[in-house]
Asker: 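Below you will find the structure I want to go over with you.
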Amino acid sequence: MSETLPVTILTGFLGSGKTTLLNRLLQRPELSDTAVLINEFGEIGLDHLLVREIQDDIVLLNSGCLCCTVRGDLVTALRDLFLKRVRGEVDFRRLMIETTGLADPAPILHTLMTDPLIGARYRLDGIATTVDALHALAQFDAQPESVKQAAVADRIVITKADLVDADTLAALHARLDGLNPAAPRIVADHGAVEPADLLEAGLFKADSKIPAVADWLRAEAYETAHDQHGHGHGHDHHHHDHGHAHSHDRHHDVNRHGDRISAFCLTLDEPVDWQHLVEALEMIIAAKGENLLRVKGILNVAGQEAPVAVHGVQHVFHPPATLPGWPEGSDRRSRLVFITRDLSPAAIEKVVRAALGITSDLYGG
Ligand SMILES: Nc1nc2c(ncn2[C@@H]2O[C@H](COP(=O)(O)OP(=O)(O)OP(=O)(O)O)[C@@H](O)[C@H]2O)c(=O)[nH]1
């Protein structure tokens, strides 16, 4: 996995500042080794050698499901770029793909993962989403796609903060706490960001073979955000004597803003049976795959010394990766973080508990 080229997906609602951000980024020397696929040239600086246009409308439908659409143009562009790189015609070490403002990132990920040649050469580093400080709150209410884009992000770039007052910005942060408590937020003034804050969001950083588990998973953010919301349930993390009657209250309020999003972390104290856990995930994917916006996990698999990382966006999952070892000082409990839409934490917890034969509460923090 660490040998493959990292791919950053840049998404965000219409007019939220993706092009502005890319233009600024491409001026930075840190991006000189980055190939960029965009939808329209528009105002993008054409002098960046590695920028290429892709046609959003060329798709190969391999099933009726939109998020299983394989982007034919993207496959061609990705293969082509890689071949050129092998032949020494271009040199790049990472890739950035800008989506259109209405795009769901799932088809892009599906394309990255279902084509065997591509899957062997590229890996998802992260999804960066631009969120327009001026319009996002209204867009979240009116456009479910914009909620989804913010919810799946690994990095959130808040744009146009110069156009709003402190209260509006605070309200946006509060809303994002519920939608996506873990993704670090970067405020970009007219696209100005530190590339390092945006890139390297994945499990494997460039130039390091040691996976950055804690930074990638950010399991604690789900707890912290929960506490900040003041649901007032204290820290009874070691309660093992009740069912999920209480657990309902111990994650983000599903309907707090009508966003229908839940963000939560399940903690499994004992090593897990791999087959049983896969069955649980498959069951959830089969029934509610499109509601499973993001899943990340680090697992202590029974009978295995090294941890296994799992990673999915909707029903598209990366192949599980066995990591070199547990991070120093980690407590070796399995953690699975979920961001879901219209799918309650209690329902997921129930399936996981049933598959693994666990009777205790899984919101262990
Ligand atoms: N005031 C202000 N304007 C900004 C900022 N970032 C972007 N803009 C403006 O917002 C408008 C839209 O920005 P774009 O970068 O074109 O947005 P986009 O997401 O690429 O737009 P689409 O490709 O149409 O989805 C432009 O007029 C930008 O100049 C910012 O931080 N502050």
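In each ligand, atom 1 is the first atom listed, and ligand 1 is the first ligand listed.
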Asker: With the threshold set at under 4.0 angstrom, would you say L14 reaches ligand 1 through any of its heavy atoms?
Answerer: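 The answer is yes: ligand 1 sits under 4.0 Å from a heavy atom of L14.
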Asker: Quick test of your reading of the model: are R332 and E305 salt-bridged, counting only N-O distances below 4.0 Å?
Answerer: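 Looking at E305 together with R332, the answer is yes, because their closest N to O distance falls below 4.0 Å.
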Asker: Between A161 and ligand 1, which part of the residue brings a heavy atom under 4.0 Å of the ligand: side chain, backbone, both or neither?
Answerer: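 The answer is neither; A161 stays 4.0 Å or more away.
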Asker: Could you tell me whether D162 approaches ligand 1 through its side chain, its backbone, both or neither, with non-hydrogen atoms closer than 4.0 Å?
Answerer: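 The side chain, only.
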Asker: Decide, yes or no, whether a salt bridge links D132 with K18 under the criterion of side-chain N to carboxylate O below 4.0 Å.
Answerer: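 Result for this pair is no, no salt bridge flagged.
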Asker: Give the numbers and elements of all ligand 1 atoms closer than 4.0 Å to a heavy atom of A188.
Answerer: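 By the 4.0 Å cutoff, the relevant atoms are 31 (O).
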Asker: Check R333 with E270, please: is the shortest side-chain N to carboxylate O separation under 4.0 Å?
Answerer: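 No, no charged N to carboxylate O under 4.0 Å.
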Asker: For H190 and R24, which I'm curious about, is there any donor-acceptor pair between the side chains at under 3.5 Å?
Answerer: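 There is no such pair (donor and acceptor under 3.5 Å, judged by atom type) between the side chains of H190 and R24.
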Asker: Does at least one non-hydrogen atom of G15 fall below 4.0 angstrom from an atom of ligand 1?
Answerer: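 It does; at least one heavy atom falls under 4.0 Å.
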Asker: Check this for me, if you would: do R94 and E200 make a salt bridge, where the nitrogen-to-carboxylate-oxygen distance has to be below 4.0 angstrom?
Answerer: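 Salt bridge: yes.
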Asker: Look only at interatomic distance and state if L21 has a nitrogen or oxygen under 3.5 Å from any nitrogen or oxygen of ligand 1.
Answerer: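 No; the residue has no nitrogen or oxygen that sits under 3.5 Å from a nitrogen or oxygen of the ligand.
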Asker: With atom 7 (C) of ligand 1 as the reference point, say which of V157, D189, L163, T20 has the nearest heavy atom.
Answerer: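 Comparing heavy atoms across V157, D189, L163, T20, the nearest one to atom 7 (C) of ligand 1 lies in T20.
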Asker: Can you tell whether the side chains of D154 and R218 come within less than 4.0 Å, N to carboxylate O?
Answerer: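 No, D154 and R218 are not salt-bridged.
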